[in-house]
Amino acid sequence: METVTSINFAIWVVFMVCYLYQMYYILVPYIKKDRPLGPPKENRFAVLISARNEANVIKQLLDSINSQTYPSDLVDVYVVADNCTDNTAYIAKQCGANVYERFDTSNVGKGYALNYLINEIHKSRGRDYYDGYFVFDADNVLDPHYIEEMNKTFSSGYEVLTSYRNSKNYGDNWITAGYSLWFLRESKYLNYSRMLMNTSCAISGTGFMFSKKIANELNGWKYYLLTEDIEFTVDHVINNYKIGYCKNAILYDEQPRQFNQSVRQRMRWAKGYFQVMCNYGVKLIKGIIKDKSFSCYDMSMSIMPAMVLTVFSAILNISAILVGLIAGVSVEPVLESLLGGFCSMYVTLYTIGAITTVSERKNIYTTPFKKVLYTFTFPIFMMTYIPITFMALFKKVEWKPIVHSESKTLADIKSTN
C-alpha cells in the first residue's frame with residue numbers, strides 16, 4: 001500500500017508540473033496590455049447555425065443576430081434544421097434566415113450538419129462570396145456588438161477567432177454554475193491570456209468564426225469526432241494557424257440543469273478528448289519536439305495528461321482498495337492519500353473559481369449569495385469529471401442532442417436573479 005501512496009504522490013507532482021504554466025496565465029491579463037488593432041474592414045459574413053428540434057430557443061438567437069450593430073446587409077444567416085421533428089425550420093424562416101432541412105440518420109452530429117450547410121452555401125453563392133463564417137448553437141444569444149467586435153479582430157489578420165463565452169442560466173443550480181464558471185475562466189484566464197502572449201487560443205464549442213480561406217481549404221467541414229471543436233482547434237494548431245480571441249464579443253449559452261443530462265454531455269466530451277488524443281496526439285508531440293511549438297504543448301496539456309492521469313489513478317486506487325479488502329490488508333494509507341489528493345484538488349479548484357468569480361462578477365448575472373455559494377460547489381462539479389472520464393474510457397458514447405428550454409432575451413438574462 002505504501003507503493004500506491006508513493007505513486008499517488010508522483011501523479012500529483014506530474015500533474016502540477018504539467019499545468020503549472022496555467023497558474024501564470026492567471027497573472028497575464030494584469031501584467032500585459034492589449035495590442036492595438038488596425039482599422040476594421042467591411043467584411044461579408046455568413047452565420048451558420050445547426051439546429052435539431054430547437055423551436056424553444058432559436059428565435060432569441062436570430063433576434064439577437066438581427067439586432068446587431070454591424071451592417072445587416074453584410075450578414076446572412078443560414079440555419080440547417082437537422083433531422084428536426086418540430087417547427088424549428090418554420091420559426092427560422094419567419095425570422096428571416098435561409099433555411100435548409102437535412103434528414104440523415106446515418107451521419108448524425110453537428111460536424112456533418114455544418115459540412116452540409118457550407119457546401120450548400122458554396123453551391124448557391126460560390127466559394128468566395130463570404131469573407132468569414134460564424135458558428136453558433138441555436139440556444140445562443142449575442143451581445144448587440146458581437147459581430148462588430150469580432151470583425152475588428154478578424155480584420156487584423158486572424159483566420160480563426162473565438163469569443164467570450166458567458167451563460168444564460170448561471171444561477172439555476174450548482175451544475176449550471178459549474179459549467180458557467182469554467183467557461184468564464186476559460187475565456188478570461190486561458191484564451192485571453194493566450195491572446196496577450198501571442199500564442200494560439202482554443203475553440204470552445206460555440207461562438208467562433210473562420211475565414212473563407214479555411215472554409216475553402218477544408219472544402220466545407222471535415223471534423224466529425226465527438227468534440228469537433230477541439231478537433232478543429234488541434235488540427236489548425238498543428239498546421240501552424242494561430243487562433244485569436246476577442247474579449248469584447250460576448251455570447252451567452254444555456255447550461256444543462258439536470259445531473260444526468262450533464263453526465264451524458266460531459267461523457268461525450270471526455271470520449272471526444274480520447275478520440276482527439278488518439279488521432280492527433282503523435283502530431284502534437286512532433287510539433288512540440290520538432291517545431292518547438294508552445295501552442296502544441298498547450299493543446300497537448302488540454303487533452304492528454306489530465307485524462308490519462310485521471311484514468312490511471314482511478315484504476316490504480318480502485319484496484320489497490322479491492323486487493324487490500326480481499327487480502328485483509330489495511331487500506332488506510334491509500335484512503336489517506338486519496339483524501340490528501342482530494343483536499344489539494346479542492347483548494348486549487350476553489351482558488352481558480354474564486355479568482356474568476358471576483359474578476360468576472362459584473363458578467364455573472366445572479367445574486368451575490370449565489371456567486372459566493374457556487375465558488376464552493378465549483379470544485380465538486382469539476383471533480384465529478386473523474387468518474388465520468390473513467391466511464392467514458394470503457395463505455396460506448398454516441399452524439400445525442402441536449403434539450404434547450406431557456407428562451408431568454410438578453411434583457412431577461414441580465415435581469416435574472
A.B. asks: For Ile118 and Leu218: C-alpha separation, side-chain torsions, deciding distance, then whether side chain to side chain contact (heavy atoms under 4.5 Å, CB included) applies.
C.D. replies: CA-CA 10 Å; Ile118 294 170; Leu218 298 178; over 6 Å; no
A.B. asks: Got a second to check how far Glu254's CD is from Ser180's OG, nearest 0.5 Å?
C.D. replies: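 Answer for the CD-OG pair, Glu254 versus Ser180, is 10.5 Å.
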A.B. asks: Quick test of your reading of the model: are Asp298 and Arg194 salt-bridged, counting only N-O distances below 4.0 Å?
C.D. replies: yes
A.B. asks: Rounded to the nearest 0.5 Å, what separates atom CH2 in Trp269 from atom CG in Leu226?
C.D. replies: 12.5 Å
A.B. asks: For Tyr133 and Phe210, take the angle between the two ring planes, folded into 0 to 90°, and tell me which bin it lands in: parallel under 30, tilted 30 to 60, perpendicular over 60.
C.D. replies: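 Taking Phe210 first and then Tyr133, their aromatic rings lie parallel (interplane angle under 30°).
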A.B. asks: Work out which heavy atom in Ile203 is nearest to a heavy atom in Val160; give both atom names and the distance.
C.D. replies: CD1-CG1, 3.9 Å
A.B. asks: Hey, does Asn151 have a side-chain heavy atom less than 4.5 Å from the side chain of Glu148?
C.D. replies: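 A side-chain contact under 4.5 Å is absent here.
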A.B. asks: So do Met299 and Thr233 actually touch side chain to side chain, heavy atoms under 4.5 Å?
C.D. replies: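 When only atoms from C-beta onward are counted, Met299 and Thr233 do touch, with a gap below 4.5 Å.
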A.B. asks: Could you check whether any side-chain heavy atom of Val397 comes within less than 4.5 Å of a side-chain heavy atom of Gln275, counting everything from C-beta outward?
C.D. replies: no
A.B. asks: Strictly distance-based, threshold 3.5 Å: is any side-chain N or O of Ser163 a donor or acceptor partner for the main-chain N or O of Gly207?
C.D. replies: yes
A.B. asks: Are more than 12 heavy atoms from other residues, nucleotides or ligands located less than 6.0 Å from atom OH of Tyr30?
C.D. replies: yes
A.B. asks: Identify the two heavy atoms, one from Thr153 and one from Leu161, that lie closest to each other, and give their separation to 0.1 Å.
C.D. replies: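 Heavy atoms only, the tightest pair is CG2-CD1, 3.5 Å.
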A.B. asks: What's the separation between atom NZ in Lys371 and atom OG1 in Thr357, rounded to the nearest 0.5 Å?
C.D. replies: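 If we round to the nearest 0.5 Å, Lys371:NZ and Thr357:OG1 are 9.0 Å apart.
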A.B. asks: Using a strict cut-off of less than 4.0 Å between a Lys/Arg side-chain nitrogen and an Asp/Glu carboxylate oxygen, indicate whether Asp131 and Arg44 qualify as a salt bridge.
C.D. replies: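 No, this pair does not count.
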A.B. asks: So which heavy atom on Asn173 is nearest to which on Ile175, and how close?
C.D. replies: OD1-N, 2.9 Å
A.B. asks: So, do Leu190 and Gln22 sit near enough that their side-chain heavy atoms are less than 4.5 Å apart?
C.D. replies: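 Side-chain contact under 4.5 Å: yes.
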A.B. asks: Any donor-acceptor pair under 3.5 Å linking the side-chain atoms of Ser211 with those of Glu159?
C.D. replies: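 Yes, because at least one side-chain N or O of Glu159 sits under 3.5 Å from a partner of the opposite role on Ser211.
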A.B. asks: Mind checking whether Phe232 and Trp221 have ring centres under 6.0 Å apart?
C.D. replies: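 Yes; Trp221 has its ring centre under 6.0 Å from that of Phe232.
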A.B. asks: Where do Asn219 and Arg127 land on the side chain to side chain contact (heavy atoms under 4.5 Å, CB included) test, with the steps shown first?
C.D. replies: CA-CA 9 Å; Asn219 195 28; Arg127 300 168 68 90; 3.0 Å; yes
A.B. asks: Going by heavy atoms in the side chains, are Tyr130 and Asp76 under 4.5 Å from each other?
C.D. replies: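 Side chain of Tyr130 against side chain of Asp76, heavy atoms only: contact under 4.5 Å found.
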A.B. asks: Would you say the rings of Tyr350 and Phe378 are close, in the sense that their centroids are separated by under 6.0 Å?
C.D. replies: no
A.B. asks: State, without any angle test, whether Gln60 and Tyr252 hold a side-chain donor-acceptor pair at a distance under 3.5 Å.
C.D. replies: no
A.B. asks: When you look at Tyr170 and Tyr365, which way does the ring-ring contact (aromatic ring centres under 6.0 Å, His included) test go after all the steps?
C.D. replies: CA-CA 7 Å; Tyr170 187 105; Tyr365 299 107; 9.4 Å; no
A.B. asks: Is the side chain of Asn363 donor-acceptor paired with the backbone N or O of Asn166 at a distance under 3.5 Å, no angle test?
C.D. replies: no
A.B. asks: Could you tell me how the ring of Tyr116 sits relative to the ring of Tyr100: parallel (under 30°), tilted (30 to 60°) or perpendicular (over 60°)?
C.D. replies: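 Because their plane-to-plane angle is over 60°, the rings of Tyr116 and Tyr100 count as perpendicular.
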A.B. asks: Decide side chain to side chain contact (heavy atoms under 4.5 Å, CB included) for Tyr112 and Arg102; before the verdict, give the C-alpha distance in whole Å, the side-chain angles of both, and the deciding distance to 0.1 Å.
C.D. replies: CA-CA 10 Å; Tyr112 293 105; Arg102 174 181 178 268; 3.3 Å; yes
A.B. asks: Return the minimal non-hydrogen interatomic distance between Gly205 and Asp229, and the atom names on each side.
C.D. replies: N-OD2, 2.7 Å
A.B. asks: Between Lys271 and Lys395 (side chain of the first, backbone of the second, donor and acceptor by atom type, cut-off under 3.5 Å), is there such a pair?
C.D. replies: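 Pair found, side chain donor or acceptor close to backbone of Lys395.
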A.B. asks: Side-chain contact, heavy-atom cut-off 4.5 Å: Cys296 with Asp291?
C.D. replies: no
A.B. asks: Does Met391 have more than 12 heavy atoms from other residues, nucleotides or ligands lying within 6.0 Å of its CE?
C.D. replies: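 Yes, because the 6.0 Å sphere around CE of Met391 holds more than 12 heavy atoms from other groups.
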A.B. asks: Relative to the ring of Tyr245, is the ring of Tyr192 parallel (under 30°), tilted (30 to 60°) or perpendicular (over 60°)?
C.D. replies: tilted
A.B. asks: Going by side chain to side chain donor-acceptor pair (under 3.5 Å), Ser262 matches just one of Arg264, Arg266, Gln265. Which one?
C.D. replies: Arg266
A.B. asks: Got a salt bridge between Lys110 and Asp137, using NZ or NE/NH1/NH2 to carboxylate O under 4.0 Å?
C.D. replies: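 Yes, this pair counts.
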A.B. asks: Answer yes or no: is there a donor N or O on one side and an acceptor on the other, between the side chain of Asn115 and the main chain of Gly220, under 3.5 Å?
C.D. replies: no
A.B. asks: Roughly how far, to the nearest 0.5 Å, is the CG atom of Asp235 from the NZ atom of Lys222?
C.D. replies: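 Taking NZ in Lys222 and CG in Asp235, the distance rounds to 4.5 Å.
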A.B. asks: Quick one: do Tyr70 and Asn43 satisfy side chain to side chain contact (heavy atoms under 4.5 Å, CB included)? Show the steps, please.
C.D. replies: CA-CA 10 Å; Tyr70 194 74; Asn43 291 296; 4.0 Å; yes
A.B. asks: Might you point out which heavy atoms bring Leu62 and Ala92 nearest each other, and give the distance in Å?
C.D. replies: CD1-CA, 3.6 Å
A.B. asks: Working to the nearest 0.5 Å, report the span between CE of Met195 and CG of Asn191.
C.D. replies: 10.0 Å
A.B. asks: Just so I know, are the side chains of Ile65 and Ile49 near enough to count as touching, which here means a heavy-atom distance under 4.5 Å?
C.D. replies: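 The answer is yes, as the side chains (C-beta and beyond) meet within the 4.5 Å cut-off.
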A.B. asks: Under a plain distance cut-off of 3.5 Å, with no hydrogens placed, do Thr85 and Asn53 share a side-chain donor-acceptor pair?
C.D. replies: yes
A.B. asks: Salt-bridge test for Glu186 and Arg165: reply yes if a basic N is under 4.0 Å from a carboxylate O, no otherwise.
C.D. replies: no
A.B. asks: Specify whether Tyr19 and Tyr21 have parallel, tilted or perpendicular ring planes, treating 30° as the upper limit for parallel and 60° as the lower limit for perpendicular.
C.D. replies: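 Parallel, since the angle between the ring planes stays under 30°.
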A.B. asks: Are there more than 12 heavy atoms of other residues, nucleotides or ligands under 6.0 Å from atom CD of Glu42?
C.D. replies: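 It does not: Glu42 CD has 12 such atoms or fewer within range.
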A.B. asks: If I take atom CG from residue Asp63 and atom CG from residue Leu410, how far apart are they, to the nearest 0.5 angstrom?
C.D. replies: 12.0 Å
A.B. asks: Please confirm whether the backbone N or O of Leu225 pairs with a side-chain atom of Glu231, one donor and one acceptor, at under 3.5 Å?
C.D. replies: yes
A.B. asks: Give me the atom names and distance for the closest heavy-atom approach of Gln68 to Asp143.
C.D. replies: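 So the minimum-distance heavy-atom pair works out to NE2-O, 2.9 Å.
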A.B. asks: Quick one: does Val234's side chain get under 4.5 Å of Ser302's, heavy atoms only?
C.D. replies: no
A.B. asks: Given Phe136, which partner from the list Phe208, Tyr146, Tyr78 fulfils the ring-ring contact (aromatic ring centres under 6.0 Å, His included) test?
C.D. replies: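 That would be Tyr146.
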